[in-house]
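Structure first, commentary second.
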Amino acid sequence: MIQALKGTKDVLPQDSYKWQYIEWHMREICERYGLREGRTPVFEHTELFLRGVGDTTDIVQKEMYTFDDKGGNSITLKPEGTAGIVRMFIENGLYNGPQPTKMYYVYCPVFRYENTQTGRLREHHQFGVEIFGAQRASADAECIMLALELFEKVGVRDLALRINSIGCPACRPNYHATLRAYLKDQYNSLCDMCKTRFEKNPLRVLDCKESHCRDIVKNAPVILDYLCGGCGAHMDELKRCLDMMRVKYDIDPFIVRGLDYYTKTVFEIISTHIGAQGTVCGGGRYDGLIETVGGPGMPGVGFGLGMERLLLTAQNQGVRIPEPPAFDLFVASVGEEAHVRAFWLAMQLREAGYRVECDHTERSVKAQMKYANKLRALHVAVIGEDELRAGVVNVKTMETGEEKETSLNAPAMAAAIKRG
RNA sequence: GUGGGUAUAGUUCAGAUGGUUAGAAUGCCAGAUUGUGGCUCUGGAGGUCGUGGGUUCAAAUCCCAUUACCCACCCCA
């Protein structure tokens, strides 16, 4: 038996309505916030991600699905959603249109070669939002509000919003130097991982889970104290916007995102209901990214939201997702003539807007009734030789067992099953 | 990449110290007077016990390997 690849998941027909439900909310909210959906290919030139995501990140260094196609091009399955949208934006000259450009994507497949655990897959799907050409922090706040509204509309609770600023190319080097100076004295006490972080990206040491490193870092200088004037003002504006919206948040100087392109604002929305992989939504500002990928120097801000993790949180919280509507009618049939007539009637009623199912198996009436019951059909009509001859049929209401005689034609049957 | 746990019908699980044709519940299919569901009763189908080796007269059970899943690290959504 061939199995699905490790870290991939099927969405079963009986579960797809849950996805459709949250996808509907995503689209509804985004359209209200003035975003348009963008769709990009599943794979891109590897080079895009080397430049976009950053070639020192774990994602690029050890998690990408990269291969050569038959033409000898290095191709990569997208490991995140932003780079592709940026490429689309530049390649199609969207920067010539009215700015800002506000886009979203729903059910964007993302591939990373990970070791799986709860809430961590090799293929997962992201809902994401990107706003290009808006430098003010109110755009950052808009992204955050949009994500929070989605959680609220879906009915997910107990989420924590954490924000931070990691500065810009102007002020971050100063902080790096300050942090290195602080860590230097205790370098030998750091874990092995952090020793390499010290060289590569000292910010990461702040994020270490080793208790010893945590102790060391506890009194480390905080980047927020070393922001340049522009970054500090930006952070203040973001806080003002969030305060005005009465949103609760924590300023967490230890948030360091794993993608190199972030500048200024970074944020995470975390659930405590899905195990260790609690980040449901993560994002921030990336003012240098569009230029890095080859476009004009334009700011950007956005986030990615893990759909599987959102569903997992909803499920663990017992969030009720409305089930799809029941069938209005099942048309059962006995015999060749009746079978074809049942199909014809079902088709006419479907055309009239009803949810109708008919038999395709030639099984007994009893079995057809059982099936109709499992489908949660509200009504059943059984058609056989007698009905064909007399031109009438009984429409049975399943819940009460009552039967009502009507003419054997679509308009009469439609009247019998009409929804109140 | 690292560490720990698990693997038996479609599903959820029983199967103490190895010992006859591997069980239950649920689901599925079919019957309970000839064309009517839910409740009840009866019957049926469905497993080479994850896979591959090994120990043994004998392995679902013990040992090794492998794969998948679960949990945690790392990292991220």
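Side chains included, hydrogens not; waters and symmetry mates left out as well; all remaining heavy atoms used. Predicted model only: the values in this text are computed from it and were never measured. Lettering of chains follows the sequences in order, A, B, ..., and the numbering in each one begins at 1.
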State whether a side-chain donor-acceptor pair under 3.5 Å links A/His125 with A/Glu308. yes
With respect to the side chain of A/Thr279, which nucleotide from B/rC28, B/rA77, B/rG35 is positioned closest? B/rA77
Starting at CG of A/Asn373 and ending at P of B/rC28, how long is that distance when rounded to a whole Å? 11 Å
Testing B/rU36, B/rA30, B/rA77 for proximity to the side chain of A/Leu121, the answer is B/rA77
Check: A/Ala332 main-chain N/O paired with A/Asp359 side-chain donor or acceptor under 3.5 Å: no
Counting only side-chain N and O atoms of A/Lys366, is one of them less than 4.0 Å from OP1 or OP2 of B/rU33? no
Could you give the distance separating B/rG3 and B/rC62 at their P atoms, to the nearest angstrom? 23 Å
For nucleotides 1-4 of chain B, which of its nitrogen or oxygen atoms have a protein nitrogen or oxygen under 3.5 Å away, and what is each distance?
residue, atom, partner, partner atom, Å
B/rU2, O4, A/Asn115, ND2, 2.8

Can you tell me which nucleotide in B/rA30, B/rA77, B/rC29 comes closest to the side chain of A/Arg309? B/rA77
Dot-bracket encoding of pairs in RNA chain B, which uses [ ] for pseudoknotted crossings and | for another strand, Watson-Crick or G-U under 3.5 angstrom: (((((((..((((.....[...)))).(((((.......))))).....(((((..]....))))))))))))....
Apply the syn/anti split at 90° from 0 to B/rA72 and say which one it is. anti
Walking RNA chain B from its 5' end, the first of A/Gly278 and A/Asn394 to be reached, judged by nearest nucleotide, is A/Asn394
Each nucleotide N or O in nucleotides 67-70 of chain B that has a protein N or O under 3.5 Å away: list the pair and distance.
residue, atom, partner, partner atom, Å
B/rC69, OP1, A/Gly7, N, 3.1
B/rC69, OP2, A/Lys6, NZ, 3.4
B/rC70, O3', A/Thr118, OG1, 3.2

Closest to the side chain of A/Glu387, out of B/rG35, B/rC28, B/rG37, is B/rG35
